[in-house]
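For the single chain, residues carry numbers from 1 onward in sequence order.
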Amino acid sequence: MKTDKRDKKIIICAILLIAYFVMAFSLVYSAEVVPKLEGNIKATLMNKHKDNDTIEISSEYNTYCQDFYGEFDDVKKIRVCCKRKGLDEDAYIFFKLINLDTDEVYAEKEGYIGSLIKTSNTYITIPVKEGCGDLKGKNLRLDVEMQYVEKTKVIFTQNYRQGLVYSVNNLQGFHHNIIYNLEYGQKAWLSSLYWVIVILLSAFLAVCFYLFIIKKYEISKAYIPVAAILGIIMCFIFMPHGIPDEPAHIDTAYQLSNIMMGKGKAEEGSIYKRRADVVQDDLLVNGIESNSLFQLKTNLLTRPAETEDITVTFDNAGRIVPDIVYLPMAIGITLGRLLGLSTLLTYYIGRILNLIVFIVITSIAIRIAPYGKNLMAMIMLLPISLQQASSASYDSIINAVILLYIAFILMLYKKESVKAKDYILLTILSVFIVMCKGGVYAPICIMLAALPFGIKLNKKSKIVILAAVLSALLAVLIYAGYPIFKALLFEGTARDEGEIYTVADMMSNPSGVINMWWNTLVRRGGSLLAGLLGGRLAWLDIKANWIFLMIMGVGLVLMTNIEGEVLTVSTKERIFIFASHIIAIILIFLSMIVGFTKTDSEVIQGLQGRYFIPLLPLSLMLFKTDMINLKKEKLYKLAMLLMATEAMIILECFPQFLVK
């Protein structure tokens, strides 16, 4: 009888869940997706979220031309971004897009500079002639010429496109690009991609329903399949280059791949890459936009024709981490190159290997943790955690290893003594943590001080041993010599720019720094919290609704207070845990002040919620309250609610992709 009653509840629950998501899928499509499918696909060729350079033409050099390869069909518009200084009454400007092989003019625009260009950034649209939009595979030249100028100067926004641009002002090997963006094709095909995402999310929800509602699994027991499915979905829809600093992470892993393949390192600041990979990188934006999704459609399964290695410049993202954090991504890139796979498929293999390593390490941590298993699992399932885990970012490995470290120490706290093998593993993990991100997470190692050493020594002797261990870890950090740490230690700042805060600036004006900290918490606290819960995805430009974030936040608070899973450690252990986290948080804030914050800023710049993910599990456990007590046998209901909420967050990302 009880079984029949439960079966009826499951059926009713399934019907309600299906009805809700059918309605959600349909409404998102009709209300949010369809209105955004009109118009052209935009391909941004300038850096988003990173600085661009400028180039100036004037009476002294009144012409500019760049030669580049066409990589788009059905191009309708080309834009440049520029502004002027000074103005001659008759100053005139010409723009032309020319086929270098046939001299045919595909697009042109001309006019008086005073009418076309403002003193602030102005976007000049150059329409492509009807029937001339098929630019793929053609050698093109963008010509700019000014006439009747003496005082007038035009300053163009520019960057480098090392695969697309091959000549500037007839000088071979120059890669300056002034095309800001172009429009081509139509967005209508993206409707089919939306339904692919719907199918993937439906499969995810079906698995969650089986695990949580039918089998009544805890999140910790269902962690591996849930993390794998959700991680793969996020890996798929958040394109390569769509995660913060991912282009630099990919190139750093690519360099390690070169070493694995016996190609060695290029000269400082350079890297060997397949020409096809360089071109594909040029076609991807720092973020998410319709063009990136179009690249997924057209190039994912296309074998590259140009596989010869060329030397290009790159930004080494591995200066503050050991090379091992890039090993999974580097293995994926190596496999893709050896098999002759497309750039995107090569990157996806590396990202999936990163995700697998992340899941393996975090699942071990969850299994050995004596407290907070479900809380740890849920934090690692947050959208922001899985976004980083399924990308090329080193955060994937760092977050996983720190969770393992915390779980291992909590496990040792319950023992009467620490064995030799425990010391060996602790040493390896401690050294790794100290060597990551300039040591901002190193204070977590303070938790070592509360271990049951198992050594019969007096208190002073134990203090001496502990001081020696912590000093050795500090020596490792100094020996690693990462640029940020060295700069802080010897120069007082992590940046070369004079306007960035230094340690001396903070010492001379401590009240100003305190005010800046306060302003950061007051003005940006909500954004930091949203970022920590997964409400600021991609390059922080994909935002989740606060209704969903409130559900995620309440869910984490409830999981902190699961019956039988609360943190039960001694007062001494609690003090060392608290101290380690507070100091780590302070270091994260300090690193952003001297690394990114300008002296005239009222808030700390560059700070993101995701930096605090490794500290979140124990931080929540420390603030357990007796006012809340979640019975473990009811946990499956909360788990299903949270997974359904994550599905909604991902679903709501797609309409935002279409307007980028």
Ignoring hydrogens and angles, tell me if any N or O in the side chain of R351 forms a donor-acceptor pair with the backbone of C235 under 3.5 Å.
yes

So does Q172 have more than 12 non-hydrogen atoms from other groups sitting under 6.0 Å from CD?
yes

Between T302 and S342, do the side chains contain a donor N or O and an acceptor N or O under 3.5 Å apart?
no

Looking only at side-chain N and O atoms, does N99 offer a donor or acceptor that is under 3.5 Å from a partner on Y106?
yes

Is it true that Y184 and N291 share a donor-acceptor pair across their side chains at a distance under 3.5 Å?
yes

Excluding sequence neighbours, so at least two apart, what forms side chain to side chain donor-acceptor pair (under 3.5 Å) with R610?
D395, Q608

Check whether N40 reaches the backbone of K187 with its side chain - one donor and one acceptor, N or O, closer than 3.5 Å.
no

For residues F212 and Y217, establish whether the separation of their ring centroids is below 6.0 Å.
no

State, without any angle test, whether N159 and H176 hold a side-chain donor-acceptor pair at a distance under 3.5 Å.
no

Distance only, no hydrogens: is a donor on one side chain within 3.5 Å (strictly under) of an acceptor on the other, for Q158 and N52?
no

If you count heavy atoms of other groups shown closer than 6.0 angstrom to NZ of K36, is the number above 12?
yes

Report, as yes or no, whether the 6.0 Å neighbourhood of atom CG on L300 holds more than 12 heavy atoms from other residues, nucleotides or ligands.
yes

So, T334 side chain and A330 main chain: donor-acceptor pair closer than 3.5 Å or not?
yes

I'd like to know if R141 pairs up with D67 as an ion pair, taking the criterion as any Lys NZ or Arg NE/NH1/NH2 lying under 4.0 Å from an Asp or Glu carboxylate oxygen.
yes

More than 12 heavy atoms of other residues, nucleotides or ligands under 6.0 Å from NZ of K138: is that the case?
yes

Is it true that the NZ or CZ of K297 lies under 6.0 Å from the centre of W189's six-membered ring and within 45 degrees of the ring axis?
yes

From CA spacing to verdict: side-chain contact (heavy atoms from CB on, under 4.5 Å), L353, M329:
CA-CA 7 Å; L353 287 179; M329 188 71 194; over 6 Å; no

K273 to Y254 six-membered ring, cation-pi geometry met (6.0 Å, 45°):
yes

Side-chain (E32) to main-chain (E652) donor-acceptor, under 3.5 angstrom
no

Any chance CZ of F156 has more than 12 other-residue heavy atoms, nucleotides or ligands included, within less than 6.0 Å?
yes

State yes or no: are the ring centers of Y166 and Y69 separated by less than 6.0 Å?
yes

Provide the closest heavy-atom pair for A24 versus M648 in the form atom of the first, atom of the second, distance.
CB-SD, 3.9 Å

Could you tell me whether K221 atom NZ has more than 12 heavy atoms of other residues or ligands within 6.0 Å of it?
no

Distance-only, no hydrogens or angles: does the N47 side chain make a donor-acceptor pair with backbone N or O of N286 under 3.5 Å?
no

Can Y394 and T252 be counted as having a side-chain donor-acceptor contact under 3.5 angstrom?
no

Does any N or O in the side chain of S270 come within less than 3.5 Å of the main-chain N or O of A266, such that one atom is a donor and the other an acceptor?
no

Examine the side chains of T44 and E289 and answer whether a donor and an acceptor come within less than 3.5 Å of each other.
yes

Report, as yes or no, whether the 6.0 Å neighbourhood of atom CD on E308 holds more than 12 heavy atoms from other residues, nucleotides or ligands.
yes

Tell me, yes or no, whether the heavy-atom count around I547 atom CD1, taken from other residues, nucleotides or ligands under 6.0 Å, exceeds 12.
no

Distance alone, cut at 3.5 Å: any donor-acceptor contact between the side chains of T313 and Q162?
yes

Presence of salt bridge, D245 and K50, under 4.0 angstrom
yes

Ring-ring centroid check Y29 W195, cutoff 6.0 Å:
yes

